[in-house]
Amino acid sequence: MGASALAGIAHWADHSRVAMITLTFTLGAALAFPAALYAACQVARRFETSRRFACFFLALGVMTVGLTALVFAFQYVASVAAWHEGVGLHDLADWLLFTTATALYEFAVLGLRLYFPYGLFALFAFGLWFAARLR
């Protein structure tokens, strides 16, 4: 998924941002892979190949997008936190909630496009591979 993100943003002039975004997508996929694989294996064992493919495709896709969005939200909150020093606990909870929601929205609008087309091909290939291997 990091390579898919890199393909979408390699033309950017700011190489430090390219590296950070690529690292974010790579870390999100690396965190999601074992959890998605475990969940899909538990569900897909009792199905035929086509349903196993659907289980793997869905689990890998949802977990990868979800955990990459979470990593992005952590980075977003950390970068904005310097602007909000000295707020109270109630204000801090509100700030954290709305900042995280903003980060997730920004990821949905700007980040999801970086999965296409290469990430979708990889997701399809891994879904087929794991569905065929599971017995």
Side-chain angles (χ1 to χ4, degrees):
M1 291 304 156
S4 178
L6 181 61
I9 60 174
H11 63 280
W12 287 6
D14 189 359
H15 296 294
S16 65
R17 287 188 187 207
V18 169
M20 184 56 92
I21 292 171
T22 303
L23 183 63
T24 300
F25 275 73
T26 303
L27 182 61
L31 291 173
F33 184 74
L37 192 59
Y38 177 76
C41 281
Q42 296 303 315
V43 173
R45 287 194 188 280
R46 58 184 177 263
F47 295 128
E48 69 276 0
T49 305
S50 62
R51 286 191 181 180
R52 284 196 310 247
F53 168 73
C55 287
F56 280 106
F57 188 84
L58 186 64
L60 287 169
V62 169
M63 291 291 268
T64 300
V65 169
L67 286 176
T68 304
L70 190 63
V71 169
F72 179 79
F74 285 152
Q75 288 178 341
Y76 191 92
V77 167
S79 68
V80 175
W83 303 339
H84 296 279
E85 294 179 16
V87 295
L89 185 59
H90 179 67
D91 293 335
L92 182 65
D94 286 345
W95 171 81
L96 188 60
L97 175 73
F98 289 115
T99 305
T100 303
T102 302
L104 294 176
Y105 173 75
E106 187 174 322
F107 180 80
V109 171
L110 300 174
L112 286 178
R113 68 181 175 86
L114 298 178
Y115 285 115
F116 300 103
Y118 305 113
L120 189 62
F121 291 141
L123 182 62
F124 188 80
F126 276 106
L128 279 176
W129 184 41
F130 285 121
R133 286 188 66 214
L134 186 66
R135 292 187 176 105

Exercise. Looking only at atom types and distance, does a side-chain atom of R52 sit under 3.5 Å from a main-chain N or O of F47, one as donor and one as acceptor?
Worked result: yes
Exercise. Rounded to the nearest 0.5 Å, how far apart are CE of M20 and OG of S16?
Worked result: 8.0 Å
Exercise. Rounded to the nearest 0.5 Å, how far apart are CZ of R51 and CG of L58?
Worked result: 13.5 Å
Problem set entry | Aromatic plane relationship, F72 with Y76 - under 30° parallel, 30 to 60° tilted, over 60° perpendicular | tilted
For this session: Classify the angle between the aromatic ring planes of F130 and F33 as parallel (below 30°), tilted (30 to 60°) or perpendicular (above 60°).
Result: tilted
Side chain to side chain, [X] and [Y], heavy atoms closer than 4.5 Å:
X: F116; Y: S4; result: no
X: F25; Y: L6; result: no
X: I21; Y: L114; result: yes
X: Y115; Y: T64; result: yes
X: W95; Y: V77; result: yes
X: M1; Y: T68; result: no
X: L60; Y: F124; result: no

Exercise. Can you list the residues that meet the side-chain contact (heavy atoms from CB on, under 4.5 Å) rule with A73, with sequence neighbours excluded?
Worked result: T100, A103, L104
Problem set entry | Over 12 foreign heavy atoms within 6.0 Å of CZ, F74 | no
Exercise. Taking a hydrophobic cluster as the set of Ile, Leu, Val, Met, Phe, Trp and Tyr residues connected by side-chain heavy atoms closer than 4.5 Å, whether directly or through intermediates, do V65 and Y38 fall within one such cluster?
Worked result: no
